[in-house]
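Here the structure comes first, spelled out in structure tokens, and everything after it is commentary.
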Amino acid sequence: MSPSADASCLFCRIVRKEIPAKIAFEDERVLAFHDVTPKAPTHVLVIPKTHVARLSDASGDHAALLGPCLVALTQIARALSLDSYRVVINDGAEAGQSVFHLHLHLLGGRAFAWPPG
Ligand code: AMP
């Protein structure tokens with residue numbers, strides 16, 4: 001796997017710092033940045049630096065990237081003093097996925113309905 005290998009992928013371009021983003025967390029495997037059109041007072045996207053188009057494509061080595069993403073997300077939530085928040089992965093267009101680089105939405109700072117719309 002080569003990190004951020006997809007030349008045209010928006011989030012790979014953010015990983016490569018070709019497109020600016022407000023970075024919330026970064027280590028060798030994970031990048032997190034604030035959503036450009038937030039759906040809650042706090043809305044951070046957590047991504048593996050390696051390009052994986054969607055959750056259902058994650059297998060083998062890719063699957064091992066999910067744990068670090070979740071751990072990073074909990075650290076970010078703690079750093080932002082969120083003690084209640086929603087974590088969302090949209091997998092596929094019908095589920096609402098618009099950027100095809102696997103990402104976790106960390107949403108907080110307001111109440112959330114259940115079930116989601
Ligand atoms: P999804 O619809 O689950 O694929 O989520 C994609 C998210 O990426 C949306 O919430 C967008 O607002 C967000 N987004 C798109 N472009 C950017 C960008 N350049 N910087 C930060 N967030 C972005």
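Order of appearance sets the numbers: ligands from 1, and atoms from 1 within every ligand. The residues of the chain are indexed from 1 along the displayed sequence.
- Annotation for V88: hydrophobic cluster partners, listed by chain and number, are L107, F112 (ILVMFWY side-chain heavy atoms under 4.5 Å, direct or chained).
- Under 3.5 Å, the side chains of S59 and D57 contain no donor-acceptor pair of N or O atoms.
- Residues F100 and F11 keep their aromatic ring centres 6.0 Å or farther apart.
- Every protein residue with a heavy atom nearer than 4.0 Å to ligand 1 is included here: L10, F11, I14, F33, H34, D35, V36, T37, K39, H43, L45, N90, G96, Q97, S98, V99, H103, H105.
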Please table the atom pairs, donor to acceptor, closer than 3.5 Å between any side-chain atom in residues 74-84 and protein atoms at least two apart or in another chain.
residue : atom : partner : partner atom : Å
T74     : OG1  : V71     : O            : 2.7

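- With sequence neighbours excluded, the residues that form a side chain to side chain donor-acceptor pair (under 3.5 Å) with R54 are S56, D91.
- Of the N and O atoms on the side chains of H34 and H43, not one donor lies less than 3.5 Å from an acceptor on the other residue.
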